[in-house]
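Inspection log for the structure reproduced underneath, given as structure tokens.
Here the structure is a predicted model, which is why all the values come from computation and not from measurement.
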Amino acid sequence: MRSPKVSAAIDDPAGEGGESGATGEPAALTTVDRYYLAWREYQTELGEEPRAQQLSVYLASKEGMNGRGGKPVSPSTLRRYLLPFRVYDVWAKQRVRNETPSLDAIAQECAAHGITAQHNKPLTTDYIAEQAVNFERRWQALIRHHVQSQQ
């Protein structure tokens, strides 16, 4: 089962917490949220989705984000987040319209956009459900980040 590893890594990639539901405090951006923001910015600037190597270079040059030892973030580290980023984008579009997005609708929209799991298998609603808690956490953190950056 590959997806639990992906989910665990995204939930708390660098020991930052981020999910603060127990304390009631708003979620802060995690390192992976910052990777996501750079992934979106790359697409806005260059009109295409970056591959992991391109995102690594972009993070280092444009965002000043490096990995261990001050070197660019490893493409293999970034690669594990690309599928969840794609699915999050679809989920977020649904979330704008509905507080609890339909897992079936997300799976169908992913399929329509060619977003698939490993070996081109369709994404399952189980996979999306596993990601949903983190997607909601990211949603709230990004809203908070956007509001703070506007002040």
Show me the donor-acceptor pairs, under 3.5 Å and distance only, between side chains in residues 62-75 and residues at least two apart or in other chains.
from  : atom 1 : to    : atom 2 : distance (Å)
Ser74 : OG     : Ser76 : N      : 3.2
Ser74 : OG     : Ser76 : OG     : 2.8

Please round to the nearest 0.5 Å and tell me the distance separating atom [atom1] of [X] and atom [atom2] of [Y].
| X | Y | atom1 | atom2 | result |
| --- | --- | --- | --- | --- |
| Leu55 | Gln43 | CG | CD | 9.5 Å |
| Trp91 | Cys110 | CH2 | SG | 13.0 Å |
| Gln131 | Arg138 | CD | CZ | 8.5 Å |
| Leu37 | His145 | CG | NE2 | 5.5 Å |
| Gln94 | Thr100 | CD | OG1 | 12.0 Å |

Test item: Gln54 side-chain N/O and Arg51 main-chain N/O as donor-acceptor pair under 3.5 Å: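 Checked: pair present.
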Crowding at CD, Gln148 (>12 non-hydrogen neighbours, <6.0 Å):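 Atom CD in Gln148 is crowded, with more than 12 foreign heavy atoms closer than 6.0 Å.
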Intermediate values then yes/no, side-chain contact (heavy atoms from CB on, under 4.5 Å), Glu136 and Trp139: CA-CA 5 Å; Glu136 182 64 30; Trp139 173 267; 3.8 Å; yes
So, for [X] and [Y], which heavy atoms are closest and what is the spacing to 0.1 Å?
| X | Y | result |
| --- | --- | --- |
| Tyr127 | Leu123 | CD2-CD2, 3.9 Å |
| Ala141 | Asp33 | CB-OD2, 4.1 Å |
| Leu82 | Ala52 | CD1-N, 3.9 Å |

Could you tell me if the side chain of [Y] sits less than 4.5 Å from the side chain of [X], heavy atoms only?
| X | Y | value |
| --- | --- | --- |
| Gln53 | Val57 | yes |
| Ile106 | Lys93 | no |
| Gln140 | Arg144 | no |

Pairs flagged by ring-ring contact (aromatic ring centres under 6.0 Å, His included) wherever residues 41-71 is involved - sequence neighbours left out: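 Listed once each, the pairs are Tyr42-Tyr58.
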Validation: residues 83-90 side-chain donor-acceptor distances under 3.5 Å, sequence neighbours left out:
from  : atom 1 : to    : atom 2 : distance (Å)
Arg86 : NE     : Glu49 : OE1    : 3.3
Arg86 : NE     : Glu49 : OE2    : 2.7
Arg86 : NH2    : Glu49 : OE2    : 2.7
Asp89 : OD1    : Tyr36 : OH     : 2.3
Asp89 : OD2    : Arg40 : NH1    : 3.0

Those residues that, when tested against Thr116, pass side chain to side chain donor-acceptor pair (under 3.5 Å) (two or more places apart):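 Thr116 satisfies side chain to side chain donor-acceptor pair (under 3.5 Å) with Asn120 only.
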Step-by-step side-chain contact (heavy atoms from CB on, under 4.5 Å) determination, Leu78 to Trp39: CA-CA 10 Å; Leu78 296 170; Trp39 180 80; over 6 Å; no
Salt bridge (Lys or Arg N to Asp or Glu O under 4.0 Å) partners for Glu109, two or more places apart: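 With sequence neighbours excluded, Glu109 shows a salt bridge (Lys or Arg N to Asp or Glu O under 4.0 Å) to no residue whatsoever.
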